[in-house]
Protein chains: 2
Amino acid sequence: MLDNNQTGAARGSWRDVAARLASEIEAGRWKPGDCLPVEAELCAWLGVGRHSLRRAISALASSGQLRVQQGAGTFVAQRVRLTYAIGARTRFSDIVRANGHVPSSQILSAETVDAPDWVATILGQGGPVHRIVALGLADEVPVCLTTGWYPAARFPDLIQRRCGHETISAIYTSHGLADYERRDTAISARPARPHEARNLALTLDRPVLVSCKVDTDRTHIAIGYSEAVWAAERVQFTIANPRNGART
Amino acid sequence: MLDNNQTGAARGSWRDVAARLASEIEAGRWKPGDCLPVEAELCAWLGVGRHSLRRAISALASSGQLRVQQGAGTFVAQRVRLTYAIGARTRFSDIVRANGHVPSSQILSAETVDAPDWVATILGQGGPVHRIVALGLADEVPVCLTTGWYPAARFPDLIQRRCGHETISAIYTSHGLADYERRDTAISARPARPHEARNLALTLDRPVLVSCKVDTDRTHIAIGYSEAVWAAERVQFTIANPRNGART
DNA sequence: AGTCATTTGTTCGTATGTATC
DNA sequence: TGATACATACGAACAAATGAC
């Protein structure tokens, strides 16, 4: 939400309230992770009605400065920002470290299922696939939620090994795919969906970046598809200029 | 906005109203560009208060299905979706045509100003720069808003020629920069800012993709910086795999 | 150019539901 | 279980933007 706010907010309006709260947060009146006073108290302090206060809090939550939790309270959000080189075959943990943060990851689910139609189309084959969902974090702050799809027939031991913290690259390599290629990576952005917002600790309708890529063997047969959803406020992509030859 | 909505909306809630409106739109009760009935009428029709209706409309506007204009009405949004290859030196108009739409563009402003500090830092020099703001459209729907900064000393005639619909590439070329290079392109996403939302016909807090790039001559001196803001819902980027060698 | 009806935007008060602790 | 705190809802009034006359 928020709005055009061209001239300056009228005294007492929700825009003004949002601005006052934002400046208090900016000034450090409450630290990241702190809980704000309850609505009634804030209403009294700011001299506005509950509707205006809630509109203001809603805007700040929507802009990522606050995190609201029903029944618990309203909290000041934490911040992290990574720079991620797309295309380079660098590992998530290395990039996080290079950005000065401590990496970690969680496998949220790993199961073998029948390929949905759209996955079968992308992989060029149906049948059972491994679906692995993982969360990547930097300093304990969730950054990306990755869903990968791999033909079960080609990688029978993939789930076991991935759960043992082996990377997908390593698993490809051990299946004789050291020279696997990558089709074009697609990048788009959209508001976070409910389960993404939950896992990435975002408000709904906060933007996420989505990167989709298909890995292929040397004969251009698809061997894996993955879709990564990134909290847009916590990452920035860079794309090496092909002409500059950033490759080794 | 919106919410977790885990179990399903309670009858009469704004979520239910949003779902009913969305399904009516989906069913084609109102066509893209059409104006919805006024709030009071919709309230009566749906059997809810204005508050709930507005919450529902707000969610649909926020999700890009509706466009609300104070004093005018609430309209069903139009849709466009381009696929844009990052890195390839293709012209905007060619890409739009390749996607089956009719391209057009507007120069919103072109002026020579003193370089702000951050621009001077990027360009590696201060002094006067040309700042050109242009809007790119597909089928009359705005897609991207580009702001470019170029050293005035190096391109004295840039504004005149750009206003005459010459491309930046052509102007570079005529200054003996046919082999100009491009530093890494940075991609990020965030909610639209007020002037961006206005120019791109987006709701505030709708996501935009931002691409930033620095052009350099053969000696790696910066000759231009541009920042393009794209309506995320109307574009998707693709990045050619450097190893596949998609270049000519 | 100005007036006016229309339509959405904002704010208040109040009551009740629901999640968390 | 109860208390706390946020979520949702209705009603009403006025402000601000738009568009037509």
Side-chain angles (χ1 to χ4, degrees), chain A residues 1-21 30 34-62 66-77 194 197-198 203-205, chain B residues 1-21 30 33-62 66-77 194 197-198 201 203-205:
Chain A
M1 300 303 131
L2 288 168
D3 212 59
N4 324 33
N5 187 17
Q6 52 286 40
T7 57
R11 168 76 192 176
S13 76
W14 68 265
R15 266 176 254 280
D16 185 47
V17 174
R20 287 165 68 189
L21 282 176
W30 306 289
D34 279 5
C35 185
L36 264 58
V38 299
E39 290 180 344
E41 196 169 329
L42 283 174
C43 287
W45 181 49
L46 295 162
V48 295
R50 194 158 167 261
H51 271 74
S52 303
L53 175 72
R54 281 177 59 74
R55 190 78 175 83
I57 286 176
S58 168
L60 293 175
S62 175
L66 292 178
R67 188 172 47 82
V68 183
Q69 199 178 348
Q70 181 178 164
T74 302
F75 305 85
V76 179
R198 211 175 323 120
T203 315
L204 269 166
D205 82 12
Chain B
M1 307 298 131
L2 287 169
D3 214 59
N4 324 32
N5 188 15
Q6 53 287 40
T7 57
R11 168 73 194 173
S13 76
W14 67 265
R15 262 177 258 280
D16 189 44
V17 175
R20 286 166 69 189
L21 282 175
W30 306 289
D34 279 6
C35 185
L36 264 58
V38 299
E39 291 179 345
E41 198 170 327
L42 284 174
C43 286
W45 181 48
L46 293 162
V48 296
R50 189 163 173 246
H51 199 80
S52 303
L53 175 73
R54 283 177 55 75
R55 191 78 170 80
I57 287 177
S58 167
L60 293 176
S62 174
L66 292 178
R67 187 174 48 82
V68 184
Q69 200 178 349
Q70 180 177 166
T74 302
F75 306 84
V76 178
R198 211 175 322 120
T203 316
L204 271 166
D205 83 11

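Order of the sequence lines sets the chain letters (A, B, ...), proteins ahead of strands, with each chain counted from 1.
- With DNA chain C read from its 5' end, the first of the two nearest nucleotides for A:Ala72 and B:Gly73 is the one closest to B:Gly73.
- Closest-nucleotide positions on DNA chain D for B:Gly71 and A:Thr74 were compared, and the one nearer the 5' end corresponds to A:Thr74.
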Side chain to side chain contact (heavy atoms under 4.5 Å, CB included) assessment of B:Leu53 paired with B:Leu21: CA-CA 10 Å; B:Leu53 175 73; B:Leu21 282 175; 4.3 Å; yes
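- Protein atom CZ of A:Phe75 is 11 Å distant from nucleotide atom P of D:dA5, rounded to whole Å.
- Between the CD atom of B:Gln69 and the P atom of C:dT7 there is a distance of 14 Å, rounded to whole Å.
- To the nearest 0.5 Å, atoms CG (B:Leu46) and CD (B:Glu41) are separated by 10.5 Å.
- If you measure from atom CG of A:Asp16 to atom C1' of C:dT11, you get 14 Å, rounded to the nearest angstrom.
- Within the 4.0 Å cut-off from OP1 or OP2 of D:dC10, at least one side-chain nitrogen or oxygen of B:Ser52 is found.
- As a whole-Å value, the separation of A:Trp14 CH2 from D:dA15 C1' is 15 Å.
- When distances are taken from the side chain of A:Gln70 to each of D:dT18, D:dA7, C:dT8, the shortest belongs to D:dA7.
- To the nearest 0.5 Å, the span separating CG on A:Leu36 from CG on A:Leu42 amounts to 5.5 Å.
- Computed from coordinates, the B:Glu39 CD to D:dA13 P distance equals 17 Å when rounded to whole Å.
- Rounded to the nearest 0.5 angstrom, A:His51 NE2 and A:Glu39 CD are separated by 10.5 Å.
- The interatomic distance linking B:Leu53 (CG) with C:dT8 (P) rounds to 9 Å, in whole Å.
- Between the side chain of B:Thr203 and the main chain of B:Ala61, a donor-acceptor pair closer than 3.5 Å is present.
- Contact between the side-chain N/O atoms of A:Arg15 and the OP1/OP2 oxygens of C:dT10 is found at a separation under 4.0 Å.
- If you measure from atom CG of B:Leu66 to atom P of C:dG9, you get 11 Å, rounded to the nearest angstrom.
- Distance, B:Arg54 CZ to C:dT11 P: 11 Å, rounded to whole Å.
- The shortest heavy-atom contact between B:Ser52 and B:Trp14 is O-CB, 3.5 Å.
- The nearest pair of heavy atoms linking B:Gly73 to B:Cys35 is CA-SG, 4.1 Å.
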Under 3.5 Å, which protein N or O atoms sit close to an N or O of nucleotides 13-16 of chain C? Give each pair with its distance.
| from | atom 1 | to | atom 2 | distance (Å) |
| --- | --- | --- | --- | --- |
| C:dG13 | O6 | A:His51 | NE2 | 3.1 |

